[in-house]
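Counting convention: from 1, in listed order, for ligands and their atoms alike. Just the heavy atoms: all of them, side chains too, but no hydrogens, waters or symmetry mates, feed the values below.
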Amino acid sequence: MKKIQISPSILSADFSQLGNEIKRLEEGGADMIHVDVMDGHFVPNLTIGPPVIKRLRNCTKLPFDVHLMISPVHKYIEDFSNAGADIITIHPEATDNLTESINLIRKLNKKIGVSLNPDTKLSVIENILDQIDLVLIMSVFPGFGGQKFMPEIVTKIKNLKKIKEEKKFNFDIEVDGGINFNNNKIVIEAGANILVSGTTIFKENNGNIKKNIDLLKLV
Ligand code: DX5
Ligand code: ZN
């Protein structure tokens, strides 16, 4: 059983203090930093790009778990790699050739993540599961923090875990969107080993990041 890791989303951080917020997350025990990149095209919101990530890179040694909600995504992969991304997660709906994008991320020596929206079936990625390091299961439609967890995705996590065990794959299963103290145990028991959270980590228990991270990973 893989250790449960927490990847706090900086989308819910104070954007005027991003460097300090990342340091707070590291001090609070985060395992990596989830960086939500949005282009206002693939999702109806705009956030940050490579120049900002490049500046944030020196604020922490923690891995940058970069979630690219942009399309077309292929031509920007190298920019995010150069900016300091450690895990580059793309949406299959955002590239004309998923295998080509996966091969590019591998060539750049970065961890390869593929993300599925709540309405995208596992079958879309079944034939590339042997080539990737992480599957990001969205439990909300991407674009904003603070949305309500969609319980129907728990079955998707269970089915993915079943395929992973049957085929002896080793990819991480990350879940993202509306994760809180009422659903963290459910998604972990279903098979998720990395939990993304923004609102819960920054807002609960008067913003006590360490307490919220420990509670989410059932410490
Ligand atoms: C949504 C992002 C998520 C989001 C998580 O499009 O991909 O990472 O920021 O935030 P919460 O935990 O507030 O749902
Ligand atoms: Zn995300």
Side-chain angles (χ1 to χ4, degrees), residues 4-15 18 21-22 24-25 28 30-49 52-53 56 62-71 73 76 80 85-94 111-120 132-154 156-157 172-188 192-205 207-209 211-217:
I4 302 302
Q5 297 187 78
I6 303 296
S7 185
S9 162
I10 56 171
L11 187 64
S12 305
D14 174 350
F15 264 45
L18 273 183
E21 296 278 77
I22 284 174
R24 281 178 66 213
L25 291 170
D31 296 287
M32 57 190 87
I33 303 290
H34 189 79
V35 183
D36 284 310
V37 176
M38 302 179 183
D39 65 356
H41 173 235
F42 185 71
V43 291
N45 198 357
L46 264 170
T47 57
I48 59 175
V52 177
I53 293 171
L56 294 173
L62 288 179
F64 276 177
D65 167 32
V66 177
H67 179 191
L68 295 180
M69 290 161 275
I70 66 175
S71 72
V73 65
Y76 294 106
F80 284 99
D86 297 283
I87 303 168
I88 297 179
T89 297
I90 61 176
H91 281 256
E93 310 92 338
K111 281 196 166 182
I112 306 160
V114 173
S115 180
L116 292 179
N117 282 346
D119 56 352
T120 305
I132 61 177
D133 303 293
L134 179 143
V135 178
L136 175 59
I137 300 284
M138 295 305 296
S139 35
V140 296
F141 281 95
F144 299 91
Q147 299 181 81
K148 202 168 166 336
F149 175 81
M150 297 169 67
E152 56 269 38
I153 63 93
V154 175
K156 191 187 274 186
I157 299 174
D172 286 316
I173 300 177
E174 185 176 38
V175 62
D176 181 5
I179 298 297
N180 58 34
F181 306 136
N182 300 318
N183 55 42
N184 58 325
K185 197 162 185 290
I186 296 165
V187 298
I188 290 171
N193 67 291
I194 303 175
L195 274 54
V196 174
S197 167
T199 305
T200 297
I201 286 179
F202 281 102
K203 306 275 186 276
E204 291 297 329
N205 294 302
N208 181 332
I209 287 178
K211 182 170 182 174
N212 293 333
I213 287 177
D214 287 347
L215 285 170
L216 280 176
K217 58 173 147 181

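Formation of a donor-acceptor pair under 3.5 Å by the Ser9 side chain with backbone atoms of Ser197 is not found in this model. Using a distance-only test at 3.5 Å, with no hydrogens or angles considered, a donor-acceptor pair links the side chain of Thr200 to the main chain of Ile179. Looking only at distances, a side-chain donor or acceptor of Ser12 sits under 3.5 Å from a matching main-chain atom of Thr199.
Among heteroatoms of the N, O or S kind in Asp36, OD1 lies nearest the Zn ion (ligand 2). Residue-level check: among N/O/S atoms of Asp176, OD2 sits closest to the Zn ion (ligand 2).
Note that the OG1 atom of Thr47 and the CZ atom of Phe15 stand 6.0 Å from one another [nearest 0.5 Å].
At the Zn ion (ligand 2), the angle from ND1 in His67 to NE2 in His34 is 100° when rounded to 10°.
A donor-acceptor contact closer than 3.5 angstrom links the side chains of Asp65 and Ser7.
Using the six-membered ring where Trp is involved, Phe42 and His91 have ring planes that are tilted, between 30° and 60° apart.
Counted within 6.0 Å of OH on Tyr76, heavy atoms from surrounding residues, nucleotides or ligands total 12 or fewer; the atom is thus considered open.
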In a simple table, one pair per line, please give the protein and ligand 1 atom names for every N or O pair closer than 3.5 Å, along with the distance.
from	atom 1	to	atom 2	distance (Å)
ligand 1	6 (O)	Gly143	N	2.7
ligand 1	7 (O)	Asp36	OD1	3.0
ligand 1	7 (O)	His67	ND1	3.2
ligand 1	7 (O)	Asp176	OD2	3.1
ligand 1	8 (O)	His34	NE2	3.3
ligand 1	8 (O)	Asp36	OD1	3.2
ligand 1	8 (O)	Asp36	OD2	2.8
ligand 1	8 (O)	Asp176	OD1	2.6
ligand 1	8 (O)	Asp176	OD2	3.0
ligand 1	9 (O)	Ser9	OG	3.1
ligand 1	9 (O)	Asp36	OD2	2.9
ligand 1	12 (O)	Gly198	N	2.7
ligand 1	13 (O)	Gly146	N	2.8
ligand 1	13 (O)	Thr199	N	3.0
ligand 1	13 (O)	Thr199	OG1	2.4
ligand 1	14 (O)	Gly178	N	2.8

